[in-house]
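Some notes on the structure that comes next.
Side chains included, hydrogens not; waters and symmetry mates left out as well; all remaining heavy atoms used. Quick caveat, the model's predicted, so the values are computed rather than measured. Counting convention: from 1, in listed order, for ligands and their atoms alike.
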Amino acid sequence: MGMFAGKVGLVMGIANDRSIAWAMTEALVAEGAELSFTHLPSPSSERRVRQLVDPLQPKVLLPCDVQKDEDIDRLFAAVGHAHGGLDFLIHSIAFAPPQELRKPYLECSREGWHLAMDISAYSLVAVSRAAAPLMSEGGAIVTISYFGGEKVMPGYNLMGVCKATLEHTVRYLAWDLGRSKGIRVNAISAGPMRTLSSAGISSFDEMRDHAVRKSCLPRNVDPKELGTTGLYLLSDFAGAVTGEILHVDCGYSIVGL
Ligand code: NAP
């Protein structure tokens, strides 16, 4: 019996089998978790996610655009109805219009800034608020960040500012939800991975190659390592860990060179 047997989770942010959320899903399924999933409300997103998760026979697989409160309300009502509660939530979602990421941060538009912040940072507030009533016995929430939220990464631009907001959102949510409901909220700050999202970052290859050259462990992070870190943060082994930004980056972030 796996360490997540009897635990119910919701995974938001699978695009395909390279998604960080999929690596976390594989780790959780191997440990016996029962999972529900979302996809963006488009036929292509639904097809991509269904292909992966149908074999897991999820009780809930629903469209959810995190910019839409009605999608979030419908999703969490369905999860409550199907499972009767929730033990953990994975938020692995970000978006900025590609043209905004190609510009220097100084040039980003008001519209692009609001859109990127809404999807990449505010959405964690919205889904955590909706999940909390289902976590009646405490619970755990994990989101995914990047070191570009702490330091300037040329080319990461607007998304770096979104990640800074996301990381401080984790801390404030950890306070609110810890005090009121015993729910823990943490982020994994992941090393660079080639995914659909990262393809929108023009300097991605340079960031990844630089990280391999500079890190304590001179290699890329394996997606499985993000999966197992997710297991840790969502499990009772991390029962006293909350408001934390855990770097899973082969030690890149501690090197000053
Ligand atoms: P990914 O596979 O493209 O996942 C991003 C997900 O966000 C996709 O499933 C996407 O849906 C979803 N999404 C975008 N807009 C949405 C919206 N309005 N409502 C709901 N879902 C929405 O890429 P990933 O690299 O795994 O990214 C997951 C998280 O990890 C992101 O927060 C990213 O910033 C972070 N991260 C990535 C890296 C990296 O190097 N890849 C490093 C550090 C942190 P569709 O695909 O259907 O559009």
Side-chain angles (χ1 to χ4, degrees), residues 10-26 37-53 61-72 75 89-98 101 114-124 126-127 130 142-151 153 155-167 169-170 187-201 203-212 220-223 225-227 229-230 245-250 252-253:
L10 175 66
V11 181
M12 305 183 74
I14 294 175
N16 56 32
D17 62 359
R18 307 190 82 154
S19 296
I20 293 172
W22 181 246
M24 296 176 81
T25 295
E26 288 191 304
F37 300 92
T38 63
H39 58 80
L40 263 182
S42 81
S44 72
S45 292
E46 179 171 359
R47 193 174 351 97
R48 283 187 268 119
V49 178
R50 266 194 192 286
Q51 259 176 17
L52 286 171
V53 307
L61 170 58
L62 278 177
C64 181
D65 178 344
V66 291
Q67 290 200 280
K68 295 189 178 141
D69 288 332
E70 59 274 22
D71 282 15
I72 294 173
L75 168 68
L89 169 68
I90 293 173
H91 169 281
S92 186
I93 289 172
F95 178 79
L101 294 178
H114 279 290
L115 176 69
M117 277 288 173
D118 190 18
I119 297 176
S120 311
Y122 182 76
S123 64
L124 180 65
V127 298
V142 165
T143 187
I144 315 294
S145 192
Y146 177 60
F147 193 48
E150 295 171 61
K151 301 285 180 192
M153 294 280 180
Y156 201 57
N157 304 345
L158 172 57
M159 191 48 73
V161 180
C162 291
K163 291 305 190 194
T165 305
L166 181 75
E167 292 186 6
T169 292
V170 163
I188 292 173
S189 181
M193 303 263 145
R194 172 61 69 196
T195 62
L196 267 189
S197 287
S198 64
I201 296 157
S203 58
F204 175 81
D205 287 344
E206 195 186 337
M207 283 159 61
R208 185 197 49 200
D209 296 347
H210 185 68
V212 171
N220 284 317
V221 175
D222 185 322
E225 294 167 322
L226 298 176
T229 305
I245 314 299
L246 183 51
H247 295 90
V248 183
D249 63 354
C250 294
Y252 175 74
S253 53

Between [X] and ligand 1, which part of the residue brings a heavy atom under 4.0 Å of the ligand: side chain, backbone, both or neither?
X   : value
I14 : backbone
I93 : both
S19 : both
H39 : neither
I20 : both

Under a heavy-atom criterion of less than 4.0 Å, does [X] contact ligand 1?
X    : result
H91  : no
F204 : yes
R208 : no

Students should be able to answer this: which protein heavy-atom is nearest to [atom], and at what distance?
atom                    : result
atom 11 (O) of ligand 1 : L40 CD1, 3.7 Å
atom 19 (N) of ligand 1 : V66 N, 3.0 Å
atom 28 (C) of ligand 1 : S92 OG, 3.1 Å
atom 15 (N) of ligand 1 : I119 CG2, 3.6 Å
atom 43 (C) of ligand 1 : S145 O, 3.1 Å
atom 24 (P) of ligand 1 : T195 OG1, 3.5 Å
atom 46 (O) of ligand 1 : A15 CB, 3.1 Å
atom 23 (O) of ligand 1 : S197 OG, 3.0 Å

- prompt: Under the side-chain contact (heavy atoms from CB on, under 4.5 Å) criterion, do V66 and M12 qualify, and how do the steps go?
  reply: CA-CA 10 Å; V66 291; M12 305 183 74; 4.0 Å; yes
- line: Nearest heavy atom to atom 14 (C) of ligand 1, choosing from P63, A211, A94, belongs to A94
Close side-chain approach of [X] and [Y], heavy atoms under 4.5 Å:
X    : Y    : answer
S203 : I201 : yes
D71  : P41  : yes
K151 : F147 : yes
Y252 : P192 : no

task: For S198 and M193, indicate whether the former's side chain and the latter's backbone hold a donor-acceptor pair under 3.5 Å.
output: yes
Numbered atoms and elements of ligand 1 in range of [X], under 4.0 angstrom, heavy atoms:
X    : value
A190 : 42 (C), 43 (C)
C64  : 19 (N), 20 (C)
M193 : 39 (C), 40 (O), 41 (N)
P192 : 40 (O)
D65  : 17 (C), 18 (N), 19 (N)
K163 : 31 (C), 32 (O), 33 (C), 34 (O), 35 (C)

- request: List the atom of Q67, the atom of L115, and the distance in Å for their closest heavy-atom pair.
  value: NE2-CD1, 3.3 Å
Nearest heavy-atom neighbours spanning M24 and G230: CE-CA, 3.6 Å
message: My understanding is that only one of V142, I245, T143 makes a side chain to side chain contact (heavy atoms under 4.5 Å, CB included) with I188; could you say which?
response: V142
- request: For the pair H91 and V11, evaluate side-chain contact (heavy atoms from CB on, under 4.5 Å) and give the outcome as yes or no after the intermediate values.
  value: CA-CA 7 Å; H91 169 281; V11 181; over 6 Å; no
- request: For W22 and L226, run side-chain contact (heavy atoms from CB on, under 4.5 Å): C-alpha distance rounded to whole Å, both residues' side-chain angles, the deciding distance at 0.1 Å, then the answer.
  value: CA-CA 10 Å; W22 181 246; L226 298 176; over 6 Å; no
query: Under the side-chain contact (heavy atoms from CB on, under 4.5 Å) criterion, do K163 and M153 qualify, and how do the steps go?
result: CA-CA 12 Å; K163 291 305 190 194; M153 294 280 180; over 6 Å; no
field: Any protein heavy atom < 4.0 Å from atom 31 (C) of ligand 1
entry: yes
message: With a sphere of 6.0 Å drawn around CZ of R208, does it hold more than 12 non-hydrogen atoms of other residues, nucleotides or ligands?
response: yes
message: Evaluate S45 for polar contact with ligand 1, using N/O atom pairs at a separation under 3.5 Å.
response: yes
query: Between the side chains of S45 and H39, does any donor sit under 3.5 Å from an acceptor?
result: no
- prompt: Got a sec, which residues hit salt bridge (Lys or Arg N to Asp or Glu O under 4.0 Å) with R50, two or more places apart in sequence or on another chain?
  reply: E46, D54
